[in-house]
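To start, the structure itself, in structure tokens.
Not measured: the values here are computed from a predicted model.
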Amino acid sequence: YSVLGKSMSEAIATLITKPLYWIPLLWKSPYSSPDPFVTDSKIWLHQAVFLSGGIFLIFRPYFLIMLIPIYFQKLFADGPARWSIFLHYNIEFVPVLTACAFVFLSSINSWRLQFLSGFLLLISVADVSKDLMDRWNPSPYKNENIKFYSVYHYTREINYRAYHKVLSYYIPPNASVSANSFLVPHLAFRKKIYQFPIVNDADYLAVCDDYRNYYPFESGERSKFLFTRDSIAQNKFAIVFDDNILKIYKRIDEISN
């Protein structure tokens, strides 16, 4: 919270003595950047809150009082990710907005007006959710990662159906495995499974180079990913399957047994 000061006392002093400084920070970024994620995140937040039931805060302002500390901890933080409508930093708004909406709707005497208001809120929340999915571009998949209504959400560079059969054939169901995050679901329901590059006592390595996802490495760190794979496999594992994309290794002492 460096925009408010270097200590708690400085932050309190800023809030008391410099309202013309900190009030604009509730909707403006303190940083100059060509990235709208940095410059517009606070505006996106206010739009999303308003259209997700925040309009009812006008009629039930005591719920807004509950949100004041949440707004402050978000909008005065140093990191733009905390201002935004993405990731998990908005979960605190959900119970308050939900309670506010239901308290207001339940106070309407006409059931027709109740139904219409609730339906409009539902449409508004759905529209905000779709806008979030269309706008956010997380690496490495961009918004394909969260646009579940798009066919691209369900496509990958690798043939999962074929690879599932390969993994099942070469890796016994009771063997411990270390694998890419997107291969782990295909190897689940076993006693021990690790997410590569964590290996520990894994009997097998299943490592896929799909030219796209190298998590937990960054999307541009393919060379680091491959170096780590080869370093781990060297002298400890022998390759049992290789099609230049998927490599399956078996621990050498397991082979000798």
Can you check whether [Y]'s main-chain N or O pairs, donor with acceptor, with [X]'s side chain at less than 3.5 Å?
X: Lys42; Y: Leu75; result: yes
X: Asp243; Y: Ile245; result: yes
X: Asp209; Y: Leu226; result: no
X: Ser176; Y: Asp201; result: yes
X: Arg82; Y: Gln73; result: no
X: Tyr1; Y: Met8; result: no
X: Lys247; Y: Asp242; result: no
X: Ser124; Y: Leu120; result: no
X: Asp203; Y: Ala175; result: no
X: Ser52; Y: Val49; result: no

Distance-minimising heavy-atom pair for [X] and [Y]:
X: Ser181; Y: Gln195; value: CB-OE1, 3.3 Å
X: Pro24; Y: Tyr21; value: CD-O, 3.4 Å
X: Leu183; Y: Cys208; value: CD1-CB, 3.8 Å
X: Ser33; Y: Thr39; value: O-CG2, 3.1 Å
X: Ala179; Y: Val184; value: O-CG2, 3.8 Å

Indicate yes or no: at least one non-hydrogen side-chain atom of [X] is less than 4.5 angstrom from one of [Y].
X: Tyr249; Y: Lys236; result: no
X: Ser107; Y: Arg60; result: yes
X: Val199; Y: Phe237; result: yes
X: Leu64; Y: Tyr71; result: yes
X: Phe76; Y: Leu15; result: yes
X: Arg229; Y: Phe196; result: yes
X: Trp83; Y: Leu45; result: no
X: Leu246; Y: Tyr170; result: no

With under 30° as parallel and over 60° as perpendicular, where do the rings of Phe104 and Phe59 fit, or are they tilted in between?
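Phe104 and Phe59: parallel rings.
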[atom2] on [Y] to [atom1] on [X], rounded to 0.5 Å:
X: Ile23; Y: Lys28; atom1: CD1; atom2: NZ; result: 12.5 Å
X: Leu187; Y: Leu167; atom1: CG; atom2: CG; result: 5.0 Å
X: Cys100; Y: Leu105; atom1: SG; atom2: CG; result: 9.0 Å
X: Trp22; Y: Thr17; atom1: CH2; atom2: OG1; result: 11.0 Å
X: Leu57; Y: Ile65; atom1: CG; atom2: CD1; result: 10.5 Å
X: Asp131; Y: Gln47; atom1: CG; atom2: CD; result: 8.0 Å

So among Ser178, Ser231, Pro216, which one has a side-chain contact (heavy atoms from CB on, under 4.5 Å) with Pro197?
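For Pro197, the side-chain contact (heavy atoms from CB on, under 4.5 Å) test succeeds with only one of Ser178, Ser231, Pro216, which is Pro216.
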One pair to check against side chain to side chain contact (heavy atoms under 4.5 Å, CB included): Asn200 and Lys192. What are the steps and the verdict?
CA-CA 10 Å; Asn200 293 341; Lys192 292 183 180 180; over 6 Å; no
In the single-linkage hydrophobic clustering (I, L, V, M, F, W, Y; side-chain heavy atoms under 4.5 Å), do [X] and [Y] co-cluster?
X: Phe72; Y: Leu97; value: yes
X: Tyr62; Y: Val96; value: yes
X: Val125; Y: Leu67; value: no
X: Val103; Y: Phe50; value: no
X: Ile68; Y: Phe63; value: yes

Between Phe56 and Phe102, is the ring centroid distance below 6.0 Å?
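Here the rings of Phe102 and Phe56 have centres that are no less than 6.0 Å from each other.
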